[in-house]
Protein chains: 2
Amino acid sequence: MNEQALNCINSRIAGCSFAIYPMTDQFVDVITTSLKNVDTSKVWIKTTDVETCVRGKITHVFDVTKALFLHAASTGHHVVFSATYSIGCPGDSDGDVYLSTDDHRLNLNTNNLQQEVAGKFSLYPLGGGNYMNIIYNQIEEMKLHGVKVSSIHYATRLDGDGKLIFDGLERVFTNLESSYSSHLVMTTTISANSPSKKGEIL
Amino acid sequence: MNEQALNCINSRIAGCSFAIYPMTDQFVDVITTSLKNVDTSKVWIKTTDVETCVRGKITHVFDVTKALFLHAASTGHHVVFSATYSIGCPGDSDGDVYLSTDDHRLNLNTNNLQQEVAGKFSLYPLGGGNYMNIIYNQIEEMKLHGVKVSSIHYATRLDGDGKLIFDGLERVFTNLESSYSSHLVMTTTISANSPSKKGEIL
């Protein structure tokens, strides 16, 4: 194991840096309302002018990001969630205290929100290995859980219910974290209430 | 060289899948106006309800994406550009014909647009190796060209003039492409005209 790998395993805190983009003059209200409806007390959270970062257990990182997006989308505005989920090297310690929380999710009420979405995700298992096979296996996993999956450049397209898509992303991330112990990155973009038709428009 | 690496070097077409998010009720107008102002004839381009994908030479992929964002931002609305630039494995051939274009950029007039922006970028050199050192070297490169660089979780924050930031991203991507011959991914988010103050707000 090289020095890089050794540094990696000190902290298994997961994190997500993300932003929610409401395409409306009321974009500040949409974000504020969404934040009021979500309990973020089991994650470390920091917001800047560019993004919000949450860190903690995988369970809570997904619970909070899923809830924030679905509440924003429930306003009916065209809203897009863009995120980078990450775990592993290069580790740092902000928020490590949140790893001692229990596993009970605080935003289960989000599962009452019906929201059709369209999106995409990409997996980047860093540090080498047969990474394309790892990615293909996880794309298959998505299909088993009610998400429509299709091929696009540089990513995999996802269509379906917002809850199922977030749950699928969490499952894939958790599977890879437990089977692939180094540095894992997953990016995703999820769009709700777009006025554009599904698929190709130009 | 393994089979995966062999498959990778067949096509060196670069690409970018991206979206521009205008936080205004006039979001469709902002995008349409931006598209009218940009010459995309040297790249393969396809737009769906989730994203736009452009493919071609690195030069033209950056020329077009930089121009689209800066023209959208010049409307004065709060506008965010979110993108994944990629080159290498797994190769596919859509748009390979655009690799035979000359190198003359079609949107040089973009350099007349002054636009302060805040953003971030991350590099994912896939397929192994000492990837963290590769990343750190390219972050240093950014600083040499008038971009303010700072550390954030899961990315590097960039502040400065929009043109300089896009030029810096292109330089980093080109450097890595020529020195690191496998699969390279760079993600970036760039925000203009945000009503939030720079840096931390919560």
Side-chain angles (χ1 to χ4, degrees), chain A residues 2 4 7 15-17 19 21-28 35 45-53 55 78 80 82 84-86 89-90 92 94 118-120 122 124-133 152-155 157 183 185 187 189-191 194-202, chain B residues 2 4 7 15-17 19 21-28 35 45-53 55 78 80 82 84-86 89-90 92 94 118-120 122 124-133 152-155 157 183 185 187 189-191 194-202:
Chain A
N2 62 24
Q4 193 170 57
N7 287 336
C16 179
S17 63
Y21 306 116
M23 259 57 78
T24 164
D25 295 345
Q26 284 84 52
F27 65 94
V28 175
L35 270 168
I45 183 165
K46 180 175 169 181
T47 296
T48 70
D49 53 332
V50 172
E51 61 172 6
T52 294
C53 183
R55 288 160 59 84
H78 176 25
V80 174
S82 174
T84 301
Y85 292 88
S86 183
C89 182
D92 49 8
D94 279 341
K120 60 174 182 172
S122 299
Y124 306 119
L126 293 161
N130 195 1
Y131 66 95
M132 289 309 299
N133 281 352
I152 55 173
H153 287 295
Y154 313 124
R157 181 171 171 126
H183 185 184
V185 172
T187 61
T189 300
I190 304 176
S191 165
S194 169
S196 302
K197 276 185 288 186
K198 287 263 183 196
E200 192 170 354
I201 59 169
L202 272 182
Chain B
N2 62 23
Q4 196 169 54
N7 287 338
C16 179
S17 63
Y21 305 116
M23 259 58 77
T24 165
D25 294 347
Q26 284 84 51
F27 65 94
V28 175
L35 270 168
I45 184 165
K46 180 174 169 181
T47 296
T48 70
D49 54 330
V50 172
E51 62 172 6
T52 294
C53 183
R55 287 161 59 85
H78 177 24
V80 174
S82 175
T84 300
Y85 292 89
S86 183
C89 185
D92 50 6
D94 279 340
K120 61 174 182 172
S122 299
Y124 306 120
L126 293 161
N130 194 359
Y131 65 96
M132 289 310 298
N133 282 351
I152 55 174
H153 286 296
Y154 313 125
R157 179 171 172 126
H183 185 184
V185 172
T187 61
T189 300
I190 303 177
S191 165
S194 169
S196 302
K197 277 186 288 185
K198 286 264 183 193
E200 192 170 353
I201 58 169
L202 274 183

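Side-chain atoms are counted along with the backbone in the values below, which use heavy atoms only and exclude waters and symmetry mates. By convention in this document, chain letters (A, B, ...) are assigned in the order of the sequence lines, proteins followed by strands, and residues within each chain are numbered from 1.
What you find for B:Ser191 and A:Asp49 is that their closest heavy atoms are OG-O, 4.4 Å.
A:Ile152 contributes atom CD1, which lies 8.0 Å from atom SG of B:Cys53 (distance to the nearest 0.5 angstrom). How far NZ of B:Lys120 is from OG1 of A:Thr48: 8.5 Å, rounded to the nearest 0.5 Å.
The aromatic rings of B:His78 and A:Phe27 sit tilted relative to each other, their planes meeting at an angle between 30° and 60°.
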Exercise. Using the side-chain contact (heavy atoms from CB on, under 4.5 Å) rule, take A:Tyr154 and B:Arg55 through it: C-alpha gap first, then chi angles, then the decisive distance, then the call.
Key: CA-CA 11 Å; A:Tyr154 313 124; B:Arg55 287 161 59 85; 2.8 Å; yes

Exercise. Take B:Thr24 and A:Thr24, measure what side-chain contact (heavy atoms from CB on, under 4.5 Å) needs, and give me the verdict at the end.
Key: CA-CA 4 Å; B:Thr24 165; A:Thr24 164; over 6 Å; no

Self-check item: From CA spacing to verdict: side-chain contact (heavy atoms from CB on, under 4.5 Å), A:Glu51, B:Thr189
Solution: CA-CA 9 Å; A:Glu51 61 172 6; B:Thr189 300; over 6 Å; no

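Heavy atoms of B:Ser82 lying under 4.5 Å from chain A belong exclusively to its side chain.
Of the listed residues A:Pro22, A:Ala155, A:Ala118, A:Ala19, the one with more heavy-atom pairs under 4.5 angstrom with chain B than any other is A:Pro22. In terms of non-hydrogen atom pairs under 4.5 Å with chain B, the most contact-rich of A:Thr84, A:Ile190, A:Val28, A:Val185 is A:Val185.
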